[in-house]
2 protein chains.
Amino acid sequence: MMEDMMKEMAMGDFEAAGIDAERCTRALAPVRDALYVLNGKWKFPIIIAMVQGNKRFGEIRKAVDKIAAKVLSNELKELELNGFLVRKVHDTFPVSTEYVLTEYSTTLGPVMNELWKWGTMHREKIMKQVDAKESKTAPHPIS
Amino acid sequence: MMEDMMKEMAMGDFEAAGIDAERCTRALAPVRDALYVLNGKWKFPIIIAMVQGNKRFGEIRKAVDKIAAKVLSNELKELELNGFLVRKVHDTFPVSTEYVLTEYSTTLGPVMNELWKWGTMHREKIMKQVDAKESKTAPHPIS
DNA sequence: CTGAATCCCTGACGATACTG
DNA sequence: CAGTATCGTCAGGGATTCAG
């Protein structure tokens with residue numbers, strides 16, 4: 001159902017979907033669920049950092065540019081609650097902790113990939129606009 | 001480069017990526033760009049509503065559950081700035097306005113589709129957990 | 001080193017009322 | 001109908017400090 005809508009969308013056929021409040025609501029729900037779990041500035045950056053092999057609190061913190069310790073702590077808890085990672089405390093001294101991605105986190109692969117592809121494409125578009133000095137009203141998404 | 005990473009991820013091979021701060025930063029940038037443009041609670045819901053044929057301010061407002069007029073107004077401006085839609089004012093009385101998705105907005109199709117698929121999958125997972133009364137610590141993403 | 005606790009502040013979001 | 005103006009709330013996020 002939504003699949004169709006998206007295919008239509010990818011093809012630029014916007015009219016076909018039609019107006020239907022109920023259909024709209026149903027279509028919305030899963031997207032909002034996803035957004036609910038993946039909310040905030042940090043979820044994706046943290047997961048990316050971890051995919052790249054960072055497991056220790058400090059490592060992740062450095063990999064994710066300038067995130068505050070408290071925030072990272074909170075985000076890690078949320079990610080753990082949602083089953084994306086597991087916390088392993090090693091009883092050494094000083095205590096060291098490992099955060100390990102679960103298999104469930106791999107289900108995010110396609111989402112992240114699409115996000116990455118889109119971001120790359122969009123970035124190039126913005127760059128060209130800047131080069132061409134088109135946008136007086138700069139949409140400023142550049143980092 | 002990131003493609004590989006994501007393939008690895010989809011296959012559950014987390015170790016392979018290795019630790020590399022520079023690589024991490026580069027991988028992060030496009031994702032954050034995307035998140036920057038698509039931020040907030042409302043961007044996706046609004047676009048979905050519009051894909052489904054809603055063009056008028058009031059229509060969109062009704063289709064998107066309970067969004068405040070001010071907020072909708074702001075979001076529409078942002079979406080326009082980022083080239084996702086065009087505002088067309090008809091000089092009738094009372095004034096009517098049309099918001100029309102641009103072709104550029106279609107590039108979001110794949111992203112939204114993945115988001116929708118993942119959300120659907122995740123929702124089912126949560127439902128099962130609730131049924132099984134597993135989660136005392138309910139991850140509560142249900143709407 | 002890890003990460004919890006505290007304090008604080010900005011900005012996203014919301015409700016209501018009002019104008020063209 | 002389509003917004004703007006105004007005011008208010010609250011959580012995300014940041015700086016700093018403290019403890020195991």
Side-chain angles (χ1 to χ4, degrees), chain A residues 19 28 31-32 35-47 49-50 53-82 85-100 139-141 143, chain B residues 19 28 31-32 35-47 49-50 53-82 85-101 137 139-141 143:
Chain A
I19 303 174
L28 231 50
V31 175
R32 299 210 50 172
L35 265 41
Y36 182 93
V37 174
L38 302 170
N39 63 18
K41 281 168 74 172
W42 301 115
K43 298 287 186 311
F44 279 105
I46 289 171
I47 292 176
M50 292 186 67
N54 301 296
K55 294 177 187 293
R56 305 283 303 280
F57 189 89
E59 285 174 356
I60 299 172
R61 210 184 156 190
K62 255 168 276 172
V64 177
D65 188 41
K66 300 302 175 195
I67 184 174
K70 178 186 124 188
V71 177
L72 178 54
S73 185
N74 286 339
E75 299 288 304
L76 287 171
K77 275 177 203 162
E78 273 186 55
L79 290 172
E80 190 182 13
L81 261 184
N82 285 312
L85 58 82
V86 174
R87 210 181 102 122
K88 289 181 183 171
V89 181
H90 297 267
D91 205 4
T92 59
F93 185 82
V95 182
S96 83
T97 314
E98 257 193 341
Y99 295 88
V100 182
H140 96 266
S143 44
Chain B
I19 304 174
L28 229 52
V31 175
R32 299 207 53 169
L35 265 40
Y36 182 93
V37 173
L38 302 170
N39 62 18
K41 279 169 74 172
W42 299 114
K43 298 287 186 311
F44 279 105
I46 289 171
I47 293 177
M50 292 185 67
N54 301 296
K55 296 177 186 294
R56 307 280 303 277
F57 189 89
E59 285 174 356
I60 300 174
R61 209 184 156 191
K62 255 168 277 173
V64 177
D65 188 42
K66 300 302 175 194
I67 184 174
K70 179 188 124 187
V71 177
L72 178 54
S73 183
N74 286 338
E75 298 288 304
L76 287 172
K77 276 176 200 163
E78 273 186 56
L79 290 171
E80 190 182 13
L81 260 185
N82 285 311
L85 58 83
V86 174
R87 207 179 103 125
K88 289 181 182 171
V89 181
H90 297 261
D91 205 4
T92 58
F93 185 81
V95 181
S96 84
T97 314
E98 257 192 343
Y99 295 88
V100 183
L101 288 173
T137 37
H140 96 267
S143 44

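Worth knowing before you read on, the calculation uses all heavy atoms, side chains too, and leaves out hydrogens, waters and symmetry mates. For clarity, every value in this text was computed on a predicted model and none was experimentally measured.
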| task | Take B:Lys62 and B:Asn74, find for each the nucleotide of DNA chain D with the closest heavy atom, and name the residue whose nucleotide sits nearer the 5' end. | result | B:Lys62

| With nearest nucleotides of DNA chain C determined for A:Pro94 and A:Ser73 from heavy-atom distances, which residue corresponds to the more 5′ nucleotide? | A:Pro94

| chain B on DNA chain D: first and last contacting nucleotide, 5' to 3', under 4.0 Å to a heavy atom? | D:dC1 to D:dC7

| Proximal nucleotide (of C:dG3, C:dC7, C:dA4) relative to the A:Lys77 side chain | C:dA4

| query | Where the side chain of B:Glu75 is concerned, which of C:dC1, C:dC13, C:dG3 is the nearest nucleotide? | reply | C:dC13

To the nearest angstrom, how far is [X] atom [atom1] from [N] atom [atom2]?
X	N	atom1	atom2	result
A:Glu80	C:dT2	CD	P	16 Å
B:Lys70	C:dA15	NZ	P	11 Å
B:Asp91	C:dG20	CG	P	16 Å
A:Ile46	C:dG3	CD1	P	13 Å
B:Lys41	C:dA12	NZ	C1'	10 Å
B:Ile67	C:dG14	CD1	C1'	10 Å
B:Leu72	C:dC13	CG	P	12 Å
B:Arg61	C:dG14	CZ	P	11 Å

Would you call [X] and [Y] a side-chain contact if the rule is heavy atoms closer than 4.5 Å?
X	Y	value
A:His90	A:Val95	no
B:Lys41	B:Pro45	no
B:Lys70	B:Asn74	yes

| message | Please report the interatomic distance CG(B:Asn39) to CD(B:Glu75), rounded to the nearest 0.5 Å. | response |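 Nearest 0.5 Å value for the CG-CD distance: 7.0 Å.
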
| Quick one: which of A:Met50, A:Lys88, A:Arg56 gives a side chain to side chain contact (heavy atoms under 4.5 Å, CB included) with A:Tyr99? |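 Passing option: A:Met50.
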
| query | Is A:Arg87 paired with A:Glu98 through a side-chain N to carboxylate O contact shorter than 4.0 Å? | reply | no

| message | By the 4.0 Å heavy-atom rule, please label A:Tyr99 as base, sugar-phosphate, or nothing. | response | sugar-phosphate

| message | Whether the side chain of B:Lys66 and the base of C:dG14 hold a donor-acceptor pair under 3.5 Å is what I'd like checked. | response | no

| Minimum heavy-atom distance between A:Leu72 and A:Phe57, given as atom pair plus value | CD2-O, 3.8 Å

